[in-house]
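Scroll down for the structure; my scribbles are underneath it.
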There are 2 protein chains.
Amino acid sequence: MNPQFNKGILEMCVLALLAKRDFYGFELVETISNYTDISEGTIYPLLRRLTQEKYVETYLQESTSGPPRKYYRMTRHGKKFTQELIQDWKNFSANVNKLIHLEV
Amino acid sequence: MNPQFNKGILEMCVLALLAKRDFYGFELVETISNYTDISEGTIYPLLRRLTQEKYVETYLQESTSGPPRKYYRMTRHGKKFTQELIQDWKNFSANVNKLIHLEV
DNA sequence: CACTGTACCTTGCAATGCAAGGTAGTGGAT
DNA sequence: ATCCACTACCTTGCATTGCAAGGTACAGTG
């Protein structure tokens, strides 16, 4: 897979999942990696940025299988942004597909 | 539109067009900009890279409406690469759409 | 002869992702 | 008891890509 495809789209993937329920960082990596490549070195800085931009907020929760998990919960602001981002993605990918199949 | 979406995908757009017929740089900008944002500052360095990687080769042609045009012609190597890239894009975008609509 | 449109190009910056590393907690195997 | 594997968090430095802003040059029009 072209690693450059991920650029900018991973943010949307993370937000799209967090719009459905709370996740902790490691869980996001595991879930997303079933669909596209992602590494921990990508997700943690991304989550920090999303927190700074107030799209999500965090809380800690104990775990029986390791250190405490940092969960991410989406804000109302984040939900709105996510919906716009997904709409942009749909438009974008539709346009790219048109361009690829263009008769020139 | 999220400008990050373009990352890596503009390369595929350029190659997909050049797989159909020869284009000159400025013409590529005009054509692609009907479907997604692109600037000249993006296309010329990209075309240089594609030339260095032997996906395309160039030839000059006089024009009656300005300076000579530099046309880009795809190599066999480039055609093969383009087909793979388009297949990768289809897989990638399908997976992203699955992820977005995932029930979690 | 200035102006507009065409067409080429470069430089410096910003954004994003990744590999490679590090830190800690839990529980099982030796 | 000690080591290992797994979970889970994190940071640093690098590479890639795109863009804005600028520059150069040719042709036709006023």
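If you're wondering where the values come from, they're calculated on a predicted model, not measured in any experiment. Protein chains get the first letters and strands the later ones, always in sequence-line order, with residue 1 at the start of each.
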*Would you say C:dT16 has OP1 or OP2 under 4.0 Å from some side-chain N or O of A:Asn6?*
no

*Can you tell me the distance, in whole Å, between the OH atom of B:Tyr72 and the C1' atom of C:dA7?*
11 Å

_Is it the case that atom NZ in A:Lys54 sees more than 12 heavy atoms from other parts of the structure closer than 6.0 Å?_
no

*Under 4.0 Å from any atom of DNA chain C, heavy atoms only: list the residues of residues 26-42 of chain B that qualify, in numerical order.*
B:Phe26, B:Glu40, B:Gly41

*Under 3.5 Å, is there a donor-acceptor pair between the side chain of B:Lys80 and the main chain of B:Thr75?*
no

*Report the distance from atom CD1 of A:Ile43 to atom P of D:dC9, rounded to the nearest whole Å.*
10 Å

*Does the side chain of A:Asn97 reach to within under 4.5 Å of the side chain of B:Trp89, using non-hydrogen atoms?*
yes

*asked:* With a 4.5 Å cut-off on side-chain heavy atoms, are B:Tyr55 and B:Met74 touching?
replied: no

*Can you check the A:Phe5 CZ to D:dT17 P distance for me, whole Å?*
11 Å

*Spacing of A:Asp88 atom CG and A:Ile9 atom CD1 [to the nearest 0.5 Å]*: 11.5 Å

*Verify same cluster id: B:Leu85, A:Val104 (apolar side-chain graph, 4.5 Å)*: yes

*Pick the nucleotide of DNA chain D nearest each of A:Lys70 and B:Thr64; which residue has the one closer to the 5' end?*
A:Lys70

*Check whether any side-chain N or O of B:Asn6 sits under 3.5 Å from a backbone N or O of B:Ile38 as a donor-acceptor pair, and report yes or no.*
no

*A:Tyr24 side chain N/O closer than 4.0 Å to the phosphate oxygens (OP1, OP2) of D:dA8?*
yes

*asked:* I'd like to check B:Val29 versus B:Thr42 (side-chain heavy atoms, cut-off strictly below 4.5 Å). Are they in contact?
replied: no

_B:Tyr71 six-ring centre to B:Arg73 NZ/CZ under 6.0 Å and within 45° of normal_ = no

*Taking B:Lys70 for the side chain and B:Gln61 for the main chain, is one N or O donor matched with an acceptor at less than 3.5 Å?*
no

*Could you tell me whether A:Glu27 and A:Arg21 have a side-chain N and a carboxylate O separated by less than 4.0 Å?*
yes

*Specify the separation, in whole Å, of atom CD1 of B:Ile9 and atom P of C:dG17.*
12 Å

_Please list, in numerical order, the residues of residues 45-63 of chain A that have a heavy atom closer than 4.0 Å to any atom of DNA chain C._
A:Arg49

_Distance test, side-chain N/O of B:Tyr44 to OP1/OP2 of C:dC8, below 4.0 Å_ = yes

*Should stems be defined as at least three consecutive Watson-Crick or G-U pairs with both distances under 3.5 angstrom, which of them involve DNA chain D?*
C:1-30 with D:1-30

*Would you kindly compare A:Pro67 and B:Ser65 by the position of their nearest DNA chain C nucleotide and give the one closer to the 5′ end?*
B:Ser65

